[in-house]
Amino acid sequence: MADLIQPVKGMNDVLADQSPWWAKVESVAHALFAGYGYQRVYLPVLERTELFSRSIGELTDIVSKEMFTFDDHGDSLTLRPEGTAGVVRAALSNGLLHNQQQKLWLSGPMFRREKPQKGRYRQFHQMSVEALGFAEPEIDVELIALSARLWRGLGLSSVKLELNTIGTAESRQKYKQVLVEHFSRHRELLDDDSVRRLERNPLRILDSKNPALRELIEAAPLLSSYLDDESRVHFERVEALLGDVGVPYTLNPRLVRGLDYYSRTVFEWVTDRLGAQSAVCSGGRYDGLVAQLGGRDTPAVGWALGIERIVEVMQAEGIGAGDTPPDAQLVAAGDSERRFGFKLVDELRERVPGVRISLGAPSAGFKAQLRHADKSGARFALIVGDSELKAGKIALKPLRDGSPQRLVTVEECVDLLRQTAASA
Ligand code: HAM
């Protein structure tokens, strides 16, 4: 036998036993995005490498060690590690920001060469919402409230909001100097990663998960003491509006995020159900990014959720996918009966919009077909036996409520299934 081809490490197949959860996350999210006025875009998974190094930042973990990059006849291309840079690139390439605002959403695979573990994959899927051209704190909070509503729609209760503000690039610059001084004074306590970050990206040391550094990080000065006035006013308003719409949060002054393009509001929804990979949705303001990528100064804010992690939390919380069984399943044994039944199912699919109907197991015996229909969770079995065939009718057997079987015409069957499909 030929060797089996193995899947690529960290890249998963999502099979039919999992896909109902994905479908649920997608359908609840899609309805909310539309309700808030976000429009969907579909963008390439391959972009020029420079797009990510200039936006996410040369010194971040993502760009410095996690990108799938290759040379394409002299062009350096990269599989997108996240969606925001591509959304801004597309908005600029297509002239969508000339005196306009955009509320866009994106869904699809992202790629990072991370060490795979539960909740952390090399191909994973994000849904992200991006509001371009909006400076007001209302939009930060609208976006956060949208995510809170999404968790409620999915029945999630373990996800909690952590919030911070990291000010403008200028106020961060001052803070970075103070931070470098603090950590330099205790250089001997730092691990290799932090020493590397010290000169180039000191804020990221605050994000370190190394328990040996906890005390040192806790003793570090806070960014809030160096915040510029406008950022402070913006953040106070964000907090007040979150109170107005009743979204609880915890202030986390150490939350800095692992991508360089953020400014002002940053947030993460975290859960205690997934071990180390606790963030299920993260985002914030990125007021400088559009200009950094060659556009005019354009404020912006957004977030992205990881679909795998959301599905894992749903399952950890025991939330079902609300899998929808068929409305009806055919039961017809015998050649002519099967043919009549096959044509009937085709006609019902044509005439009853939205009906969920299954052919079942046409080659099995009559009793096995009936058992199969029952197990499928279908509401009705559409039985075609010898006498039904002769009469050109169908024996309609309710499978769930114990009411009696009855003989119906094709027209009556259409009417009944229309009612069933409409009430689903
Ligand atoms: P991020 O925090 O890098 O932000 O990723 C967003 C979410 O994607 C995370 O909260 C997590 O749920 C999921 N995620 C990230 N990496 C992995 C992985 N290796 N495996 C599974 N899930 C993962 C961004 O990507 C920003 N673009 C978010 C944003 C949008 N900010 C503004 N707009």
Side-chain angles (χ1 to χ4, degrees), residues 9-12 14 22 25 29 33 38 41 43 47 51-52 55-57 60-63 65-68 79-91 102-132 134 139-140 143-144 146-147 150-151 156 159-162 164 166 204 207 255-271 273-290 298-314:
K9 191 174 167 192
M11 305 205 174
N12 302 314
V14 179
W22 286 59
V25 175
F33 296 159
Y38 284 81
V41 289
L43 302 180
E47 296 276 1
L51 173 66
F52 304 115
S55 55
I56 301 170
T60 57
D61 285 353
I62 297 178
V63 172
K65 50 186 189 200
E66 294 169 358
M67 297 207 299
F68 287 95
L79 279 170
R80 63 181 180 195
E82 60 100 55
T84 310
V87 168
V88 173
R89 198 272 309 138
Q102 298 289 340
K103 289 170 101 179
L104 306 173
W105 71 271
L106 176 78
S107 182
M110 308 291 157
F111 305 85
R112 297 183 193 176
R113 192 188 276 101
E114 296 197 74
K115 198 156 170 248
Q117 54 172 252
K118 188 172 167 54
R120 189 162 79 189
Y121 310 106
R122 291 186 166 183
Q123 173 171 333
F124 59 98
H125 296 75
Q126 283 186 345
M127 273 196 255
S128 66
V129 275
E130 313 287 357
L132 307 172
F134 296 85
I139 197 89
D140 307 28
L143 270 173
I144 293 173
L146 163 54
S147 50
L150 176 55
W151 316 142
L156 287 174
V159 290
K160 308 276 183 256
L161 179 63
E162 294 197 355
N164 192 19
I166 58 170
R204 293 282 288 138
D207 238 9
L255 180 66
V256 291
R257 309 274 303 121
L259 303 91
D260 282 353
Y261 51 61
Y262 290 106
S263 56
R264 297 197 170 152
T265 319
V266 290
F267 55 89
E268 271 182 10
W269 287 95
V270 295
T271 174
R273 303 297 176 95
L274 296 185
Q277 306 311 313
S278 60
V280 296
C281 172
S282 346
R285 270 207 166 269
Y286 47 97
D287 289 343
L289 183 57
V290 175
T298 307
V301 53
W303 56 247
L305 62 79
I307 302 183
E308 285 82 355
R309 291 190 192 172
I310 296 290
V311 165
E312 285 165 15
V313 187
M314 285 172 74

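Values reported hereafter were calculated over all heavy atoms of this structure, with side chains retained and with hydrogens, waters and symmetry mates removed. In listed order, ligands and their atoms are each counted from 1.
Side-chain contact, T84 with Y286: no donor N or O sits under 3.5 Å from an acceptor N or O. Side-chain atoms of E82 and Q126 include no donor-acceptor pair closer than 3.5 Å.
Of the protein's heavy atoms, G119 O, 3.3 Å lies nearest to atom 21 (C) of ligand 1. Closest protein heavy atom to atom 27 (N) of ligand 1: E82 OE1, 2.5 Å. The closest protein non-hydrogen atom to atom 20 (N) of ligand 1 is Y121 N, 3.0 Å. Here the protein heavy atom with the shortest distance to atom 14 (N) of ligand 1 is F124 CE1, 3.5 Å. Of the protein's non-hydrogen atoms, the one nearest atom 33 (N) of ligand 1 is E130 OE1, 2.8 Å. For atom 3 (O) of ligand 1, the nearest non-hydrogen atom of the protein is R112 NH2, 2.9 Å. What sits closest to atom 13 (C) of ligand 1 on the protein, heavy atoms only, is G306 CA, 3.7 Å.
For Q123 (side chain) and N12 (main-chain N/O), no donor-acceptor pair under 3.5 Å exists by modelled atom type. Remark: side-chain polar atoms of W303 are paired, donor with acceptor, to backbone N or O of L143 under 3.5 angstrom. With R122 contributing its side chain and M11 its backbone, the two residues share no donor-acceptor pair below 3.5 Å.
Taking a cut-off of under 4.0 Å to the non-hydrogen atoms of G283, the atoms of ligand 1 that pass are 31 (N). Within ligand 1, counting atoms from 1 as listed, the ones closer than 4.0 Å to a heavy atom of W303 are 29 (C), 30 (C), 32 (C), 33 (N). Of all atoms in ligand 1, listed by their number and element, those nearer than 4.0 Å to a heavy atom of C281 are 10 (O). For ligand 1 and E114, the ligand atoms under 4.0 Å from any heavy atom of the residue are 16 (N), 18 (C), 19 (N). Ligand 1 places these atoms under 4.0 Å from at least one heavy atom of R120: 19 (N), 20 (N). Annotation for ligand 1: atoms under 4.0 Å from non-hydrogen atoms of G302 are 30 (C), 31 (N), 32 (C), 33 (N).
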> E268 and R257: salt bridge (charged side-chain N to carboxylate O under 4.0 Å, His left out), yes or no, with the steps?
Replying inline: CA-CA 9 Å; E268 271 182 10; R257 309 274 303 121; 3.0 Å; yes
> Which is it for W105 and V41 under the side chain to side chain contact (heavy atoms under 4.5 Å, CB included) test, yes or no, and what are the steps along the way?
Replying inline: CA-CA 6 Å; W105 71 271; V41 289; over 6 Å; no
> Would D140 and R264 satisfy side chain to side chain contact (heavy atoms under 4.5 Å, CB included), going step by step from the backbone distance to the final call?
Replying inline: CA-CA 10 Å; D140 307 28; R264 297 197 170 152; 5.8 Å; no
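In terms of heavy atoms, V280 sits closest to L274 at CG1-CD1, 4.1 Å. Scanning both residues, Y38 and I139, for their nearest heavy atoms gives OH-CD1, 4.2 Å. Closest of all the heavy-atom pairs between R285 and P299 is NH1-CB, 3.8 Å.
For Y262, the heavy-atom gap to ligand 1 drops under 4.0 angstrom. Not a single heavy atom of E308 sits closer than 4.0 Å to an atom of ligand 1. The shortest separation from a heavy atom of R257 to ligand 1 is under 4.0 Å, placing the residue in contact.
Annotation: A304 places no N or O atom under 3.5 Å from an N or O atom of ligand 1; distance criterion only. Considering backbone and side-chain N/O of T84, one or more are found under 3.5 Å from N/O of ligand 1. An N or O contact shorter than 3.5 Å links V280 to ligand 1 by distance. In terms of polar-atom proximity, defined here as any N/O pair under 3.5 Å, S282 does make such a contact with ligand 1.
Counted within 6.0 Å of NZ on K65, heavy atoms from surrounding residues, nucleotides or ligands total more than 12; the atom is thus considered enclosed.
Residue contacts with ligand 1 for P81 are absent, since no atom lies close enough (heavy atoms, distance under 4.0 Å). In Y261, the part holding a heavy atom less than 4.0 Å from any atom of ligand 1 is the side chain. Contact annotation: for Y286 versus ligand 1, heavy atoms closer than 4.0 Å belong to the side chain alone. With a 4.0 Å cut-off on non-hydrogen atoms, Q126 touches ligand 1 through its side chain and not its backbone. Contact annotation for M110 and ligand 1: no heavy atom of the residue comes within less than 4.0 Å of the ligand. Under 4.0 Å from ligand 1, the heavy atoms of L259 that appear belong solely to its side chain. Only side-chain heavy atoms of R309 come within less than 4.0 Å of ligand 1; its backbone N, CA, C and O stay farther off.
Atoms CE and CH2, on M314 and W22 in that order, are 12.0 Å from each other to the nearest 0.5 Å. A distance of 4.0 Å separates CZ in R80 from CE in M110, rounded to the nearest 0.5 Å.
Note on D61 versus R204: salt bridge recorded, some NZ/NE/NH1/NH2 to OD/OE distance being below 4.0 Å.
Partner of W269 under the side chain to side chain donor-acceptor pair (under 3.5 Å) criterion, out of S282, S147, S278: S147 alone.
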